[in-house]
Amino acid sequence: MTDPHYQTAATTAQFANNLAAVRARIAVACARAGRDPGSVRLLPVSKTVPAERVRLAVAAGCTELGENKVQEAYEKSLALADLALRWVVIGHLQRNKAKFVARFASEFQALDSLKLAAVLQQKLSEENRTLDVLVQVNTSGEASKFGMEPGAAAAFIRAMPTYPRLRVRGLMTLAILDTDEARVRRCFQILRELREQLRNQIRIEALVEIQMDELSMGMSGDFEIAIEEGATIVRVGQAIFGPRALPDSYYWPEENKPGAGADAG
Ligand SMILES: *Cc1c(COP(=O)(O)O)cnc(C)c1O
């Protein structure tokens, strides 16, 4: 969703302005929902933004960065290695790139298969690291969105204690891209309801290693709705960095739907 209102930030002061504007929007949404703004983590998404411009955002106060593509993220993490940054990979991961995530990422929000969990566990062992993970769920029913079906999540988290270097923290979703707010909201509600079910399961089955607190949902165009529905993490790119040249379909291409591509699952 490219919005003409998004301002491209080219100075630290402009980044500070954009960040303040996003924080103000978060505060308004929290007030409407009767929530503490401190309960919502703002994850700035720097995909497509060159390292030198990311540096300005860091000077304006960003301490962690979300990136969709692991190769791009890894290169930026090397270019910005002099800064103490927390890198969060938020996009679909091919198994042959798991080694990069194991090397530099602190968090991975798009875990959607046990095969990928097994490879990550192996690579993390080699690096002697752990990784916070969110399980990505497809709440829109759209083939272009990655993530598992909501009904598959219970069995999935039951298997997760097998991979102790992956520390499960919660769930992530991308809402449907739709001008009908009710349909967007429904995606967020599905994720929250799923979290409540999984919390019950965790209690009953004593899956003590699994934490199910986080709901990563909402982007520049829809994060207020997500906050009203309980988001604990909002992933915001364009409202901080400015409009992107590439359309969203570049990140969620139809031909990469789960089960169809060589890299699926
Ligand atoms: C790019 C991206 C976002 C942020 O989208 P904006 O419209 O730039 O706020 C959020 N989540 C994921 C998975 C993304 O790839």
Side-chain angles (χ1 to χ4, degrees), residues 41 43 45-47 51 63-138 146-149 152-174 194-195 198-199 201-203 205-216 232-233 235 251 256 258-259 261-265:
R41 174 177 144 213
L43 175 60
V45 176
S46 51
K47 69 189 186 203
T63 56
E64 60 174 347
L65 296 162
E67 288 276 344
N68 186 294
K69 298 206 182 281
V70 65
Q71 205 79 36
E72 178 186 344
Y74 183 58
E75 280 158 24
K76 277 182 218 176
S77 78
L78 297 178
L80 300 172
D82 56 308
L83 306 174
L85 289 171
R86 191 172 183 275
W87 292 93
V88 182
V89 174
I90 59 176
H92 180 71
L93 180 64
Q94 296 171 285
R95 289 202 293 282
N96 62 7
K97 292 182 183 156
K99 59 178 179 285
F100 294 108
V101 168
R103 231 174 262 169
F104 80 100
S106 297
E107 182 175 339
F108 174 52
Q109 296 202 349
L111 184 65
D112 61 358
S113 84
L114 291 177
K115 284 181 182 168
L116 178 58
V119 176
L120 281 169
Q121 168 71 23
Q122 170 66 33
K123 300 297 175 191
L124 288 160
S125 298
E126 290 168 14
E127 302 284 340
N128 195 24
R129 295 183 76 235
T130 59
L131 186 67
D132 288 343
V133 296
L134 303 184
V135 177
Q136 185 173 356
V137 178
N138 183 335
F146 293 109
M148 67 185 62
E149 295 301 310
F156 187 83
I157 66 158
R158 192 171 291 134
M160 285 308 290
T162 315
Y163 312 107
R165 287 182 182 269
L166 302 179
R167 302 191 299 192
V168 179
R169 302 298 194 208
L171 306 175
M172 181 274 236
T173 202
L174 286 155
L194 181 61
R195 182 186 62 177
L198 296 174
R199 277 180 165 166
Q201 181 192 351
I202 286 165
R203 188 172 42 77
E205 300 181 11
L207 297 168
V208 290
E209 305 91 336
I210 312 263
Q211 288 173 31
M212 203 32 79
D213 296 327
E214 306 297 343
L215 290 176
S216 176
T232 65
I233 303 169
R235 308 177 306 266
Y251 292 94
N256 271 1
D263 61 320

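Predicted model only: the values in this text are computed from it and were never measured.
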Nearest non-hydrogen partners of Ala159 and Thr162, listed with the distance: O-OG1, 2.8 Å

Closest contact, heavy atoms only, Met148 versus Val135: CE-CG1, 3.6 Å

Contacts of type side-chain hydrogen bond (donor to acceptor under 3.5 Å, both in side chains), residue Thr173, not counting sequence neighbours: Thr139

Atom pair CZ (Arg103) and CG (Leu78), whose distance is rounded to the nearest 0.5 Å: 9.0 Å

Heavy-atom pair of closest approach, residues Phe108 and Gly91: CE1-O, 3.6 Å

Donor-acceptor pair, side chain of Lys76 and main chain of Ser46, under 3.5 angstrom: yes

CG on Leu215 to CG on Leu134, rounded to 0.5 Å: 9.0 Å

Contact summary for Leu116 and Ala98, nearest pair of heavy atoms: CD1-CB, 4.5 Å

Listed partners of Glu126 passing side-chain hydrogen bond (donor to acceptor under 3.5 Å, both in side chains), at least two apart: Gln122

Sidechain-backbone polar pair: Gln121 side chain, Arg165 backbone, donor-acceptor under 3.5 Å: yes

Pairwise distance CG(Leu120) to OG1(Thr130) - rounded to 0.5 angstrom: 12.0 Å

Heavy-atom pair with the smallest gap, counting every atom of Leu111 and Val133: CD2-CG2, 4.1 Å

Residue list, ring pair (Phe, Tyr, Trp, His ring centres under 6.0 Å) with Phe100, at least two apart or on another chain: Tyr74

CA sep, side-chain torsions, deciding dist, call: Phe104, Val89, side chain to side chain contact (heavy atoms under 4.5 Å, CB included): CA-CA 10 Å; Phe104 80 100; Val89 174; 4.1 Å; yes

Short side-chain to backbone donor-acceptor contact, Arg235 and Leu43, under 3.5 Å: no

Pairing residues for Lys123 by the side-chain hydrogen bond (donor to acceptor under 3.5 Å, both in side chains) criterion, not counting sequence neighbours: none

4.5 Å side-chain heavy-atom contact, Gln136 and Ile90: no

Separation between CZ of Arg41 and OG of Ser216, rounded to the nearest 0.5 Å: 7.5 Å

Contact list for residues 84-94, test salt bridge (Lys or Arg N to Asp or Glu O under 4.0 Å), sequence neighbours left out: Glu64-Arg86, Arg86-Glu107, Arg86-Asp132

Ala153 to Leu194 - nearest heavy-atom pair and separation: CB-CD2, 4.0 Å

Step-by-step side chain to side chain contact (heavy atoms under 4.5 Å, CB included) determination, Phe156 to Leu198: CA-CA 10 Å; Phe156 187 83; Leu198 296 174; over 6 Å; no

Any donor-acceptor N/O pair, Glu67 side chain to Glu72 backbone, under 3.5 Å: no

Euclidean distance, His92 NE2 relative to Lys97 NZ, rounded to 0.5 Å: 9.5 Å

Could you give the side-chain donor-acceptor pairs of residues 205-214 under 3.5 Å, partners two or more places apart or in another chain?
from, atom 1, to, atom 2, distance (Å)
Glu205, OE1, Arg158, NE, 2.9
Glu205, OE1, Gln201, NE2, 3.4
Glu205, OE2, Arg158, NE, 3.4
Glu205, OE2, Arg158, NH2, 2.7
Gln211, OE1, Arg169, NH1, 3.2
Asp213, OD1, Arg199, NH2, 3.1
Glu214, OE1, Thr232, OG1, 2.5

